S.K.: 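What follows is a structure written as structure tokens; I'll ask about it next.
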Amino acid sequence: MLNPYSLQMDFNFTDFEKKWQKYWLENKVFASKADTSRPKFYCLDMFPYPSGSGLHVGHPEGYTATDIICRYKRAKGFNVLHPMGWDAFGLPAEQYAIQTGTQPAITTENNCNNFRRQIQSLGLSYDWDREINTTDPAYFKWTQWIFIRLYNTWFDKDLQKGRPINELPIPAEIEKKGKEAVKEYIEKNRLAYYDNAQVWWCNNCKTVCANEEVLNDGSHEKCGTKEVERRFLKQWMLRIPHYAERLIDGLEGLDWGEGVKDMQRNWIGKSTGAEVDFKVDGIDKKLRVYTTRPDTLFGATYMVIAPEHKLVNEIVTADQKSKVEEYIKSAALKSDLDRTELAKEKTGVFTGKYAINPITGNLIPIWVADYVLMGYGTGAIMAVPAHDTRDFEFAKEFDIPVTCILDPEAADNELREKILAGEACWTDDGAYINSENPDLGLNINGMSKADGIKTVIDWLKENNLGEATINYKIRDWLFSRQRYWGEPFPIIHWEDGEVSAVEDENLPVELPKTDKYHPSNSGESPLANVTEWLEVVDENGRKGRRETNTMPQWAGSCWYYLRYIDPKNDEEPFSKVKENYWMPVDLYVGGAEHAVLHLLYSRFWHKVLFDLGIVSTDEPYQKLYNQGMILAFAYETAAGSKVPSDLVDEIDGKYIHTQTGEELKQIVAKMSKSLKNVVNPDDVTSEYGADSLRLYEMFMGPLDQTKPWTDTGVKGVFNFLKRVYYFFAEPNNIVEGEENKDTLKLLHQTIKKVGEDIEDMKFNTAISQMMIFTNHCYKVKHVTRETAETFAKVLAPYAPHIAEELWEMYGNEPAICQEAWPEVNESYLVENTFDYPVSFNGKMRFKLELSVDLSKDEIEKAATSNENATKWLEGKQIVKIIVVPKKIINIVVR
RNA sequence: GCCCGAGUGGCGGAAUUGGUAGACGCGCUGGAUUCAAAAUCCAGUUCUGGCAACGGAGUGCGGGUUCGAUUCCCGCCUCGGGUACCA
């Protein structure tokens, strides 16, 4: 029947893949229009940074997944929006320019062209008419436009809403102080503001970076070096903390993984507690602290203020002054990195002064220590050493009393004794002890934790000593960079000190051409060198300078999903009608590395735009899915050093170093040039075809899992596609007439399973179902044309090229990608019998095929009377028989 | 330290309102085809005892609930990701 020899020559995937890619592109098959007669589906991929090294195999993973979903959704009658573009501002192009003198715009264009070619060679169904590029002035004109909106917005805390700056009420006492004060007040309320800020500066990149970009090992996320330090510079900042509550609340209704939501919540870092005033003994000053446990006030035996705290100088006594000053100096010299790296050892100096614990009346010493950070809470704490690990370490180091106020009932006796004696620290819950002051009428002994907290806060409030407060870890977002290759700010600094935004009609502020890309060490951007661009004069002859900083790479990606909706609009960022139709994004797929930064930033921008009535949804991305990373096998010696893959031989399942003969361990690691295990999608496509690459990446395992690449795995799916082609392209296998019942049943099971799996994003099991169907076809040797065509439709989202080719071979036109998804005929799936597993005491012993119509009694009888059962019943008593229809028969014997 | 996620054959992985553990693929073994090889097709493949029929064990470890547990509960271990003097 089969004649593989001749067909083998015909499986020319290169030719037909090119043919169909050209067809899809030229006929704009995947162009989408707003069309209210059909349900919409907006499916977004995280757009790539077009690097010089081209596409990585990780890119096609997410892209193929969304492509399958989009092709399936189209077949199900949805109006699908599936765009692609380039996040093309960024450091590498600029560094390349510094090294070679090539304009970043040129490098970027080349890289985009290469990325586009590579992506198109995978047969992904993007609407290329909507392609965008963040470096295109026609695009960043609107990035600048949105920045101006941020600049002209203030946050109304009562309404929890951003509002136009001209609606900002000016308090009477500010108004009284005059024009300057009013101006200052307005500046203080803008969501985007320009101020001296202590910022991270990367000496390698010669630019500032956001808090979020400095990793916890002290390295810069963008360049990987540890050349980051603290500096004071005038910078643009965005008040993202104002939206903290909204950013937390908004997560509630989103179809995102709990993991990502948790990461965002942790990043925002909301904590509820109270601020409490402590009188400083001997002087008329109050020290305000923030605590999450006001109920432990009875156990506060000392206080700590941060070295940068304003009150330090006023508090310190004469004889402690020199010591304290020395300590502050050394703390300032330490970078934050040192401060955290040396975290374990507590340092500090006594100020010489005492505070009065408002609840016990005790005098407690005030210390300066760098384990308290100025940037969080009030920059001062009350220390409860008995129930806080850090405070306990500090108290032990400096011999400060420890008062236990929580009886650790859960601890064992020995530990409990130690804790009660103040010799150990207990941070879990316990019963209040020593928490009573009859003079003040305050007693929380015997209360629950919640009541204790409430009682103390109420008391503090009544006595005007404090109040409940909420704190967030998230800080203002540092939004300017001292680089050339980024969006210029639409801002002018005038000689009289005024700062103003460029008028909308004068946008975009384009990037001037220059040869000097070198940032200066002084913190000034290369744009400061381009005089003719830099200097401006207004109609009154007033001179001004343009802002020379540029926006960070995050800017362009904060709103690109909105521009895809209406990418060629010159009049506005997007048409409101179209935005209203397409938003929100129904599915957003990309790497987990953006779980906080990009997603938090763009949600923030989106919420501001929503408050201003520019977009119609409160959240941009309804469903988010993070794909797992694709890794590769690598090899290491017993000592743990890595060995490049080309120096490794596999012999009898063992991995041997070709030079030393040492046996190596196979590990899984990120692909890297040094390990020589990088897989280039172009190589895979030319050797096995785009369909194989797509199918393999989907077959590797669940989309969200990290998994290693194997070449033999690619061969496996390639083999499957060849089997599909050899069978379904062979005219002798395709017959007319009635289809075999088993084939029909399996076919419809396959339609059902593949469809459901796509909806659940379980692509790997859908492929295995198609393999099962193909294996079946080889067994039965013939299928009808209708079956073959239906199978092609099921295969089409996964392996669109081969599906189109088969479709055309069967004489159909125009394209299978425009065909409807086949209907499942449930009547083919009905089973008349079920092959029951019969188990004894839960262990399966034999199978028994029975009609599904049998009653439980009949099933019991059939099972116990079966000849296979005698052996298991011999000498035993039947205690019980469990029959679960169409599941199992379990006989309990004794 | 804290917060997530995950541990199943030689390998990637299936199966969860509790019901046949190992689908599908890789690898390996054998066979067909071939002068031969490649390619292709067919069969076998958790470990273990046995020629076999047929047994025993088995989803990170230790317990528990149940007629029945990869799935539920309790206590651990290991790995991956995030985060950290945040009071």
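Here is how names work: the chains are called A, B, and so on, in the same order as the sequence lines, proteins then strands, and each is numbered from 1. On a predicted model such as this, the values are computed, not experimentally measured, just so you know.
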S.K.: Give Lys270(A) one of three labels, base, sugar-phosphate or nothing, depending on what nucleic acid heavy atoms sit under 4.0 Å from its own.
M.R.: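 Nothing, no heavy atom under 4.0 Å.
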S.K.: Counting side-chain heavy atoms from CB outward, which of C67(B), C26(B), A87(B) is closest to Thr712(A)?
M.R.: C26(B)
S.K.: Who is the Watson-Crick or G-U wobble partner of G7(B), with both distances under 3.5 Å?
M.R.: C77(B)
S.K.: Counting heavy atoms from C-beta on, name the nucleotide in C26(B), U20(B), C4(B) closest to the side chain of Asn719(A).
M.R.: C26(B)
S.K.: Any idea which of A87(B), C85(B), C67(B) is nearest the Lys346(A) side chain?
M.R.: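 The nucleotide sitting nearest to the side chain is C85(B).
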S.K.: Tell me what Gly269(A) touches on the nucleic acid: a base, only sugar-phosphate, or nothing, going by heavy atoms under 4.0 Å.
M.R.: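 If one applies the 4.0 Å heavy-atom cut-off, Gly269(A) turns out to touch nothing in the nucleic acid.
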S.K.: The side chain of Met844(A) lies closest to which of these nucleotides: G13(B), U20(B), C54(B)?
M.R.: U20(B)
S.K.: Can you identify which nucleotide, out of G12(B), G13(B), A87(B), has its nearest atom closest to the Phe699(A) side chain?
M.R.: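 Out of G12(B), G13(B), A87(B), the nucleotide with an atom closest to Phe699(A)'s side chain is G12(B).
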S.K.: Using atom CZ of Phe718(A) as one end and atom P of A39(B) as the other, report the distance to the nearest whole Å.
M.R.: 11 Å
S.K.: So Thr710(A), base contact, sugar-phosphate only, or nothing? Heavy-atom distance under 4.0 Å.
M.R.: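 Nothing, no heavy atom under 4.0 Å.
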S.K.: Could you work out which one of G58(B), U20(B), U83(B) sits closest to the side chain of Trp267(A)?
M.R.: U83(B)
S.K.: Could you give the CZ-to-C1' distance, from Phe11(A) to U40(B), as a whole number of Å?
M.R.: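 To the nearest whole Å, that distance equals 14 Å.
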S.K.: Once you apply a heavy-atom cut-off of 4.0 Å, does Gly259(A) come out as touching a base, just sugar-phosphate, or nothing?
M.R.: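 Sugar-phosphate, no base atom in range.
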S.K.: May I have the distance from Phe763(A) (atom CZ) to A14(B) (atom P), rounded to whole angstrom?
M.R.: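 Those two atoms, CZ and P, are 13 Å apart.
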S.K.: Select one nucleotide: of G13(B), C67(B), A39(B), the one nearest the side-chain heavy atoms of Gln705(A).
M.R.: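 Closest nucleotide to the Gln705(A) side chain: G13(B).
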S.K.: Below 30° counts as parallel, above 60° as perpendicular, anything between as tilted: where do the rings of Phe398(A) and Trp367(A) land?
M.R.: tilted
S.K.: Does the ring of Phe278(A) carry Arg288(A) above it, NZ/CZ under 6.0 angstrom from centre and within 45° of its axis?
M.R.: no
S.K.: Kindly point out which of C85(B), G19(B), C54(B) is positioned nearest to the side chain of Lys887(A)?
M.R.: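 Within the option list, the nearest is G19(B).
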S.K.: What nucleic acid atoms does Asp704(A) come within less than 4.0 Å of, heavy atoms only: base, sugar-phosphate, or nothing?
M.R.: nothing
S.K.: Mark yes or no: Arg603(A) above the aromatic ring of Trp267(A), with NZ or CZ under 6.0 Å from the six-membered ring centre and no more than 45 degrees from the axis.
M.R.: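 No, Arg603(A) does not lie over the aromatic ring of Trp267(A).
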S.K.: How would you label the contact of Trp872(A) with the nucleic acid (heavy atoms, under 4.0 Å): base, sugar-phosphate, or nothing?
M.R.: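 Sugar-phosphate, no base atom in range.
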S.K.: How long is the line joining CG of Asp711(A) and C1' of C11(B), in whole Å?
M.R.: 14 Å
S.K.: When all nucleic acid strands are considered with a 4.0 Å heavy-atom cut-off, which category describes Ile772(A): base, sugar-phosphate, or nothing?
M.R.: sugar-phosphate
S.K.: For U45(B), which nucleotide in any strand shown is its Watson-Crick or wobble partner with both distances under 3.5 Å?
M.R.: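 Pair assignment: U45(B) / G27(B).
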S.K.: Identify which nucleotide among A14(B), U40(B), C67(B) has an atom closest to any side-chain atom of Asn764(A), counting heavy atoms from C-beta outward.
M.R.: A14(B)
S.K.: Within a radius of less than 6.0 Å around CD of Glu849(A), do more than 12 heavy atoms belonging to other residues, nucleotides or ligands occur?
M.R.: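 Counting other residues, nucleotides and ligands, CD of Glu849(A) exceeds 12 neighbours.
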S.K.: Quick one: which of C24(B), G19(B), A87(B) gets closest to the side chain of Met771(A)?
M.R.: C24(B)
S.K.: Hey, what's the ring geometry for Phe13(A) with Phe718(A), parallel, tilted or perpendicular (30° and 60° as the breaks)?
M.R.: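 Answer is perpendicular, since the angle exceeds 60°.
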S.K.: Once you measure the plane-to-plane angle for Tyr371(A) and Phe394(A), does it fall in the parallel (<30°), tilted (30-60°) or perpendicular (>60°) bin?
M.R.: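 The rings of Tyr371(A) and Phe394(A) sit tilted, inter-plane angle from 30° to 60°.
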